[in-house]
Amino acid sequence: MSSTPHDPFYSSPFGPFYRRHTPYMVQPEYRIYEMNKRLQSRTEDSDNLWWDAFATEFFEDDATLTLSFCLEDGPKRYTIGRTLIPRYFSTVFEGGVTDLYYILKHSKESYHNSSITVDCDQCAMVTQHGKPMFTKVCTEGRLILEFTFDDLMRIKTWHFTIRQYRELVPRSILAMHAQDPQVLDQLSKNITRMGLTNFTLNYLRLCVILEPMQELMSRHKTYNLSPRDCLKTCLFQKWQRMVAPPAEPTRQPTTKRRKRKNSTSSTSNSSAGNNTNSTGSKKKTTAASLSLPTQVPGLGAIPNCSLNPGRDGDLCHSTAVTPSGQFKEKH
């Protein structure tokens, strides 16, 4: 029985990829290759619209780009948002660079639910300078990229840590100016700082001020307010968020029952006050009648006698003196 193309064990003479129609997943490193090709297609007439389209193609809307390096005055770390990324790449070419591309060696990939992380410890950013002199600069460091795991495969975070750089001058130029000490002294000086031009470094310093002002610029563009009104509105909203934290749910206060304390007073005053308020109880009437010496002849009340309230708040007993001089407790 001869095998046919519909047979799962059929071997095509053109290789196994001839009969496969599964969708091709772009590798993260291939996206860097596409970025290099797009940067090489840049022309002198490339305006801000071209750079914004470049950033839209390779960076997410909420992407961030971070550069870390060490200068003479200490370590530096700059982080810019998506709106400032196009201008960053354009400043590289404004500083005299004619070509820019990235080389990734021995990179490691890790897949997550919604992203792909590429960690390359041997990354090189190569720039070709045409002025002030023809020089090739290789900036080496560690590049960590986070791509979104979708069809666009755009960059979400870009973190490039620069370790060292080298500036290469062709031997032909050195041989051409071997008899000119001034030119040789100029060729011996570096044209970059840690592989970055002065245009790029100045822009990164400016981004320290521009990055917090993105909210003001966005508000001005949306509501067409004056800069002063935008600043007042942003400051007022920030002040509201600071002084008005989210309200906690109100709790009903719990009421506690207070126990009535024992009080000492004269029998005549206490009994008289209680009899005027409640007269429906027989015990109250009996206690009140016993506490008044004028109503019962020969019966006197003891001053400073103790009155103990009952469960319902009524007078439960009183102490009196009989005509024979003995104490008798009345309930």
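Between T197 and T91, the shortest heavy-atom distance links the atoms OG1-O, 4.1 Å. When all heavy atoms of Q186 and M133 are compared, the pair lying nearest together is O-CE, 3.6 Å. Taking every heavy atom of both residues into account, L84 and C207 meet most closely at CD1-SG, 3.9 Å. For the residue pair W158 and I155, the shortest heavy atom distance occurs at CE3-CD1, 3.8 Å. C70 approaches M194 most closely through the heavy-atom pair O-CG, 3.3 Å. The heavy-atom pair separating E140 from F160 by the smallest distance is C-CZ, 4.4 Å.
Other residues, nucleotides and ligands contribute only 12 or fewer heavy atoms inside 6.0 Å of the CD atom of Q182. Around the CG atom of N48, the shell of radius 6.0 Å holds no more than 12 heavy atoms that belong to other residues, nucleotides or ligands. The environment of F199 atom CZ is sparse: at most 12 non-hydrogen atoms of other residues, nucleotides or ligands sit within 6.0 angstrom. In the displayed structure, Q237 atom CD is contacted under 6.0 Å by more than 12 heavy atoms of other residues, nucleotides or ligands.
Criterion: ILVMFWY side-chain heavy atoms under 4.5 Å apart, direct or through other members. Under it, I144 and I32 are not part of a common hydrophobic cluster. In the hydrophobic cluster analysis, where Ile, Leu, Val, Met, Phe, Trp and Tyr join through side-chain heavy atoms closer than 4.5 angstrom, V137 is grouped together with L39. Tracing side-chain contacts under 4.5 Å through hydrophobic residues (I, L, V, M, F, W, Y), one reaches L104 starting from L65; they form part of the same cluster. L152 is not connected to F58 by any chain of hydrophobic side-chain contacts under 4.5 Å among Ile, Leu, Val, Met, Phe, Trp and Tyr, and they are in different clusters. Y78 and L100 fall within a single hydrophobic cluster, where Ile, Leu, Val, Met, Phe, Trp and Tyr are joined by side-chain heavy atoms under 4.5 Å apart, directly or via other members.
At a cut-off of 3.5 Å, with distance as the only test, no side-chain donor of E109 or T117 sits close to an acceptor on the other residue.
Cation-pi geometry between R154 and F147 is not satisfied (NZ or CZ under 6.0 Å from the ring centre, within 45° of the ring normal).
Using a 4.0 Å cut-off between a side-chain N of Lys or Arg and a carboxylate O of Asp or Glu, K37 and E34 do not qualify as a salt bridge. Ion pair R38/E57 flagged as a salt bridge, since at least one NZ, NE, NH1 or NH2 atom sits closer than 4.0 Å to an Asp/Glu carboxylate oxygen.
D121 pairs in a side-chain contact (heavy atoms from CB on, under 4.5 Å) with only one of the listed residues (R163, H106, K105, K108), which is R163. A side chain to side chain donor-acceptor pair (under 3.5 Å) with Y165 holds for exactly one of N190, T139, T192; it is N190.
L225 belongs to a hydrophobic cluster whose other members, connected by ILVMFWY side-chain contacts under 4.5 Å either directly or through intermediates, are Y223.
I173 has its side chain within reach of H177: a pair of non-hydrogen atoms, C-beta onward, lies under 4.5 Å apart. Looking at K238 and F236, their side chains never come closer than 4.5 Å, going by heavy atoms from C-beta outward. Side-chain contact between Y102 and Y33 is absent, with no heavy atoms from C-beta onward closer than 4.5 Å. T66 places none of its side-chain heavy atoms less than 4.5 Å from the side chain of T157.
Between W51 and F93, the ring centre distance stays below 6.0 Å. Separation of the F89 and F54 ring centroids falls under the 6.0 Å cut-off.
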